[in-house]
Amino acid sequence: MLDKTFDPGAIEPVIYAAWEKSGAFACDPKSSKRPYCIAMPPPNVTGSLHMGHALNHTLQDILTRFERMRGRDVLWQPGTDHAGIATQMVVERNLAAENIDRRTLGRAKFIERVWQWKAESGGTITRQLRSLGASPDWSRERFTMDEGLSAAVRKVFVSLYKEGLIYRDKRLVNWDPKLHTAVSDLEVESRETKGSLWYIKYPVVGRDGTFITVATTRPETMLGDTGVAVNPEDERYKHLIGKNVVLPLTTRHIPIVADEHADPTAGSGAVKITPAHDFNDFEVGRRHNLPLINIFDRDAKLNDSVPERYRGMDRFAARKQVLADLEASGLLEKTEPHTLMVPYGDRSGVVIEPWLTDQWYVNAKELAKAAIDAVERGATVFVPRQWENTFFEWMRNIQPWCISRQIWWGHQIPAWYAPDGFVFVEETEEAAKAAARAHYGEDVALRRDEDVLDTWFSSALWPFSTLGWPDATPELARYYPTDVLVTGFDIIFFWVARMMMMGCKFMGEVPFRTVYIHALVRDERGQKMSKSKGNIVDPLAIVGKYGCDALRFTLTALAAQGRDVKLAESRIEGYRNFATKLWNAARFAEMNECKLDPKFDPAKAKLRLNKWIAGSLAQAALRATEALEAFEFNAAADALYHFTWGTFCDWYVEFSKPVLTGADEAARAETRATTAWVLGRLVHLLHPIMPFVTEELWKHLAGGQGGLLIKSQWPALDAELIDRDASAEMDWVVALIAQIRTVRAEMNVPPAQEIAAYVTEAGGDETAWLARHDALVRRLARLTRIHPVATAAPAKQNTIQVVVEGALLLLDLAGAIDVGKERARLQKEAKNVRAELDKIAAKLGNEQFLAKAKAEAVDEQRERQAEARAALSRLDAALARIGGA
RNA sequence: GGGCGUGUAGCUCAGUGGGAGAGCACUUCCUUGACAUGGAAGGGGUCGUAGGUUCAAUCCCUGCCACGCCCA
């Protein structure tokens with residue numbers, strides 16, 4: 001016997017273990033089934049589960065389970081990302097607690113400590129994914145620093161280098177002065193900041209008392225100025241172009257140049273040019289051959305290129321000093337408040353400094369071509385489609401990708417330098433040595449580049465490196481290209497774009513046919529969840545409180561395309577209740593000995609009731625299947641929810657009660673079999689969304705003989721099961737009962753009071769329907785009997801009149817009714833029907849409508865008119881009988 | 001500044017070229033033999049705004065307003 005409620009905490013771990021043990025998650029490369037593959041976006045190995053993961057993995061798991069049940073050989077490829085900077089920071093923090101600095105430890109020892117940390121703590125996130133019910137093929141779990149994946153990285157690096165698509169360059173990079181590494185444009189976050197705009201007077205050489213005023217947000221960098229720019233069209237400054245100014249606080253003379261970069265409407269119209277410390281100024285400097293003067297060291301402290309008094313100062317201290325000195329010398333004209341965008345490192349949280357260094361770059365512009373083309377010709381399709389615009393926008397304006405990082409944890413760049421600086425890029429040290437020998441005619445000492453690659457470089461290879469590339473494995477041939485990538489829009493640039501580039505380049509084919517982009521999970525007020533706001537909802541806490549299925553169903557139901565998911569706990573509670581509802585429907589079936597009968601064929605059911613529920617189920621199944629195929633997760637959840645609760649539990653189960661306790665043995669047997677059959681199909685249909693409760697119920701329904709639900713077949717319900725006549729009949733019964741209940745409530749008939757009813761003016765169908773379902777109607781509308789009578793007249797003083805489609809019912813209250821109240825009720829109803837009739841009449845009276853509207857639309861209006869007229873005449877007659885017009 | 005998206009019931013959101021929906025919240029009633037994590041009934045919306053297309057617009061098009069996100 002089932003318990004009264006489902007106990008997720010006790011049952012989930014047991015079921016998960018059974019799934020894993022059964023091998024249900026594993027793909028089967030040798031099978032004859034069609035393959036289906038999803039590459040899991042590898043979470044950071046340092047990560048812990050948040051709602052974004054929960055949504056992302058729930059959707060992937062739904063697709064995985066759905067396709068698996070539909071008979072595909074599914075590979076959901078799991079793994080984790082080594083997350084270079086993030087992981088190094090975690091381990092450095094741990095070392096700091098032991099008072100150890102990584103530099104004193106040395107590179108090799110440090111890397112050892114990272115691996116040790118990974119072995120101990122790196123499994124957190126994958127363990128957490130298990131408690132979400134995720135069913136990837138754990139036996140194939142990969143890590144981006146695995147030997148195989150590292151080999152792929154080296155091969156890609158070397159071949160891109162040899163093609164000239166990876167190169168070394170000295171240019172400005174985003175320098176993180178805290179982490180001491182370059183970062184890519186994407187790892188820089190611009191934050192709107194309230195600052196100042198300082199107006200500084202630069203004296204013009206040879207014209208005493210003449211100044212040009214520049215406006216700047218970063219006065220401290222003036223010590224690296226090598227020019228002043230004005231717009232060539234700016235009349236205020238035209239006469240000064242070509243003249244020199246004395247750079248205040250120094251003795252340096254720098255030229256005034258004409259450049260479009262200077263905006264005459266901003267600030268003073270003249271700008272200082274610091275080519276070594278500003279991306280725009282770098283370009284201006286290049287156009288005018290201005291020298292680059294680097295004034296910062298790697299900590300962003302001032303170096304020896306500045307006057308002595310500023311050396312060694314931090315950039316922020318230097319700003320104060322420079323301003324004070326300018327003020328003292330009368331060169332600070334004014335200060336205005338100014339809002340500007342300041343770049344911050346997304347990991348370190350400190351202000352990023354544009355800094356001149358040697359770094360490795362990928363020619364992304366070139367690689368982007370094939371990726372753009374692939375999306376243009378539909379080889380990869382984004383769902384929802386509009387994200388293709390975002391993708392194109394980024395890809396068409398893509399900048400060189402800085403891939404070297406000055407940290408230790410990651411794939412070390414396979415480049416070796418000879419003493420003369422010549423570089424040899426090879427997959428192994430031996431190959432580099434051989435190349436050097438060939439180059440110099442003798443062995444020379446080689447020094448390996450110390451930098452490592454951007455983490456996203458290895459993630460970009462994920463869809464094929466995990467399948468064994470560069471080896472030609474059977475898995476690679478079978479599962480690449482993958483079918484779907486499920487991810488959030490925030491990593492379209494970081495990851496999707498780069499996988500597209502690398503996949504097209506090295507596999508000659510896109511990495512995935514479809515990219516499903518889901519939204520961000522926000523809190524119930526629509527705010528992004530963040531630690532500082534304290535509005536984080538922890539998925540594991542939710543799972544503990546409401547069960548995994550409740551969380552999964554909630555995320556699914558809210559995952560409408562093109563909209564953020566706003567998560568309110570009340571929704572989760574509601575879907576937990578849904579799981580309970582399903583559970584109790586099964587409990588009802590069990591109590592009534594509804595057992596699965598393998599020989600039962602719903603198409604052969606005799607009772608209208610059973611034909612109707614089978615057809616309704618088929619309809620819901622078709623809708624859910626279509627929705628999942630189209631990634632309309634919420635629509636699938638919605639169709640199944642409404643069938644389960646609104647149709648099966650609210651009506652069918654109630655309807656079945658008189659049959660199950662009745663005397664007709666054949667009807668009982670058929671209804672029992674139908675109930676069990678519907679529930680059996682239903683747990684299959686709900687399984688991808690709510691895997692635990694359905695698996696547990698399946699065990700009970702099938703008496704342990706049905707195998708695991710996760711391995712079962714998706715129900716292919718024939719649309720032939722949808723029986724229009726049975727639907728019309730049962731819909732009428734439902735409407736009849738609802739109408740009687742409404743009237744009873746309005747007339748304050750106590751719910752427990754059973755009353756007699758009379759029916760008259762019934763059509764042929766309605767008479768038959770009422771006879772057939774007499775027991776159901778009596779039970780659900782709480783009537784003692786329904787007597788057919790020849791006429792409603794004379795309406796008695798103790799009868800209320802219920803107008804339904806195709807019949808008139810009289811409810812006998814066995815006592816005087818409040819005639820005034822009854823009249824008011826009928827008048828209100830008549831008023832509503834008249835209003836509707838007016839609307840229909842206006843339409844049908846419109847010749848344009850009759851001439852131009854589709855025939856079906858006109859017919860529909862005519863039908864509605866006929867129904868409304870019939871209802872109105874019954875209402876008028878009813879009113880006449882009690883003496884009210 | 002460029003791009004994208006969103007404005008529908010008190011809240012969170014579905015939805016459709018022709019009769020406005022769900023969940024939660026709210027009101028009233030009900031411990032009936034699956035379920036009070038339940039059942040029954042009910043109140044509540046000029047579908048942001050102004051135009052246009054159409055026989056017909058909440059839905060399609062345009063402008064505007066508001067909000068959100070991404071990029072510069």
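Reminder, nothing fancy here: chain letters follow the sequence lines and each chain counts from 1.
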Could you give the distance separating [M] and [N] at their [atom1] atoms, to the nearest angstrom?
N: B/G21; M: B/G42; atom1: P; result: 13 Å
N: B/G15; M: B/G23; atom1: C1'; result: 15 Å
N: B/C59; M: B/G17; atom1: C1'; result: 7 Å
N: B/A9; M: B/G52; atom1: P; result: 26 Å
N: B/C11; M: B/G63; atom1: P; result: 29 Å
N: B/C26; M: B/U12; atom1: C1'; result: 16 Å
N: B/A57; M: B/G48; atom1: P; result: 15 Å
N: B/A50; M: B/G18; atom1: C1'; result: 24 Å

Which part of the nucleic acid, if any, lies within contact of [X], taking any heavy atom under 4.0 Å across all strands shown: a base, the sugar-phosphate backbone alone, or nothing?
X: A/E856; answer: nothing
X: A/R864; answer: base
X: A/E590; answer: nothing
X: A/N846; answer: sugar-phosphate
X: A/T742; answer: sugar-phosphate
X: A/N397; answer: nothing

Q: Kindly indicate, with the supporting measurements, whether the criterion salt bridge (charged side-chain N to carboxylate O under 4.0 Å, His left out) is fulfilled by A/K843 and A/E860.
A: CA-CA 11 Å; A/K843 269 196 175 163; A/E860 199 188 325; over 6 Å; no
Nucleotide nearest [X] when distance is taken to its side chain, options [options]:
X: A/S570; options: B/C35, B/C24, B/U37; answer: B/C24
X: A/K843; options: B/G39, B/C35, B/G19; answer: B/G19
X: A/Q848; options: B/G38, B/C55, B/A40; answer: B/C55
X: A/R571; options: B/U12, B/C24, B/C4; answer: B/U12

Paired with [N] by Watson-Crick or G-U wobble geometry, both distances under 3.5 Å: which nucleotide is it?
N: B/G45; value: none
N: B/C4; value: B/G68
N: B/U12; value: B/A22
N: B/A34; value: none
N: B/A40; value: B/U28
N: B/G51; value: B/C61

Q. Does a salt bridge link A/R396 with A/E376, judged by any charged N lying under 4.0 Å from a carboxylate O?
A. yes
Q. Any ion pair linking A/R834 and A/D838 (charged N to carboxylate O, less than 4.0 Å)?
A. no
Q: Would you confirm whether the ring centroid of A/F633 sits within less than 6.0 angstrom of the ring centroid of A/Y516?
A: yes
(Q) Just checking A/Y575 against A/Y641, ring centres under 6.0 Å apart? (A) yes
**Q.** Length of the line joining A/D650:CG and B/A34:C1', which is rounded to integer Å
**A.** 12 Å
Q. Should the heavy atoms of other residues, nucleotides or ligands under 6.0 Å from NZ of A/K657 be counted, would the total exceed 12?
A. yes
Q: Check whether the side chain of A/E393 and the base of B/A72 form a donor-acceptor pair under 3.5 Å.
A: no
**Q.** Donor-acceptor pair (no angle test) under 3.5 Å: A/K4 side chain, B/C35 base
**A.** no
Q) Looking only at side chains, do A/E187 and A/S184 share a donor and an acceptor under 3.5 Å apart? A) yes
